[in-house]
Amino acid sequence: MVILEMQDALCNYLGEILSDEYLLNGKRDGEVKQIKFYTQNLPMPPNVKIKTREIPLKYQDFGEADFENLFPFIIVRVDGAERSKFKNDSLFANYRVNIKLIIGIYDNSHDLQGYRDVANIIDKIIFNLERDKIINQKYLLSDGVKWALPDENYWPLFYGFMDLILETGYPQEKLKAAWI
């Protein structure tokens, strides 16, 4: 499927451009970890004790070991897509896929500087996306990149959010073959 292939390609691309990023995880005691990449959602940590069947889970449902295992991370979430109709002279249908990147850092030091790691990651992603424009020779960055840091303080968790649109063409013959 076009959209899931795009999601996986973006995860791989981010893994390549951020492969040299090692972030302090938890206290700033020198332990560093590479960024983990997830599609759509964080996995359920094995240590989470769910008292009710209420989802989404709350911060209190997690222990420090869960944070250390899950963080730092980037979630590549498909937020929606739009497929244009075929035009008479076109062999391709265009997909415009809205992607959200959710960046999470766990830093329980009292200097509250985890946001700086998030901002550095955002900056590196933007630089590379705008330089390369095309991912996996198929997916084109469209309409630039929007990003935000939350106004709220979620210490010891720090987040950043990015919105981007990727476009791709899909051959008409493949679509017709899939429908037959």
Open item on the list: Minimum heavy-atom separation for K36 and F71, please, with both atom names.
Closed with: NZ-O, 3.6 Å
Task: Rounded distance (nearest 0.5 Å) linking atom CD1 of I125 with atom CD1 of I17 - done: 5.5 Å
Task: Nearest heavy-atom neighbours spanning T39 and D8 - done: CG2-OD1, 3.8 Å
TODO: Just do the side-chain hydrogen bond (donor to acceptor under 3.5 Å, both in side chains) check on S142 and E167 with the steps written out, would you?
DONE: CA-CA 7 Å; S142 175; E167 290 188 28; 2.8 Å; yes
TODO: Look at the rings of Y159 and Y154 and say which category their plane angle falls in: under 30° parallel, 30 to 60° tilted, over 60° perpendicular.
DONE: perpendicular
Task: Common cluster, I105/W155, ILVMFWY with side-chain heavy-atom separation under 4.5 Å - done: yes
Open item on the list: Could you measure the distance from the CG atom of L166 to the NZ atom of K138? Nearest 0.5 Å is fine.
Closed with: 13.0 Å
Task: For I122, the option from F161, F127, W147 that meets side-chain contact (heavy atoms from CB on, under 4.5 Å) - done: W147
TODO: With salt bridge (charged side-chain N to carboxylate O under 4.0 Å, His left out) as the test, would you mind laying out the steps for R116 and D107 before giving the verdict?
DONE: CA-CA 11 Å; R116 297 178 71 86; D107 181 352; over 6 Å; no
Open item on the list: Can you confirm whether I102 sits close enough to F73 that some side-chain heavy atom of one is under 4.5 Å from a side-chain heavy atom of the other?
Closed with: yes
Open item on the list: Could you tell me if the side chain of L18 sits less than 4.5 Å from the side chain of N128, heavy atoms only?
Closed with: no
Open item on the list: Do F37 and L14 have side chains that approach each other closer than 4.5 Å (heavy atoms only, starting at C-beta)?
Closed with: yes
Task: Approximate separation, where rounding is to 0.5 Å, of D163 CG and R77 CZ - done: 11.5 Å
Task: Heavy-atom side-chain contact between R96 and D143 under 4.5 Å - done: yes
TODO: State the CD1-CG distance between I165 and N98, to the nearest 0.5 angstrom.
DONE: 5.0 Å
Task: Heavy-atom check, side chain of E21 versus side chain of D117, under 4.5 Å - done: no
- [ ] Drop me the distance from I103's CD1 to I35's CD1, to the nearest 0.5 angstrom.
- [x] 8.0 Å
Task: Check against side chain to side chain contact (heavy atoms under 4.5 Å, CB included), L70 and Y38 - done: CA-CA 10 Å; L70 291 172; Y38 303 107; 3.9 Å; yes
Open item on the list: Let me confirm one number: the CG-CE distance from N136 to M6, rounded to the nearest 0.5 Å.
Closed with: 10.0 Å
Task: Cluster overlap I121 with L112, hydrophobic side-chain contacts below 4.5 Å - done: yes
Open item on the list: Contact between Y13 and L129 at the side-chain level, heavy atoms closer than 4.5 Å - yes or no?
Closed with: yes
- [ ] Look at the side chain of Q40 and the backbone N and O of V78, then say whether any donor-acceptor pair between them is shorter than 3.5 Å.
- [x] yes
Open item on the list: On a heavy-atom basis, which atom in A81 and which in I3 lie closest, and how many Å separate them?
Closed with: CB-CD1, 3.7 Å
Open item on the list: Could you see if L101 belongs to whatever hydrophobic cluster contains L149? Use Ile, Leu, Val, Met, Phe, Trp, Tyr and a side-chain cutoff under 4.5 Å.
Closed with: yes
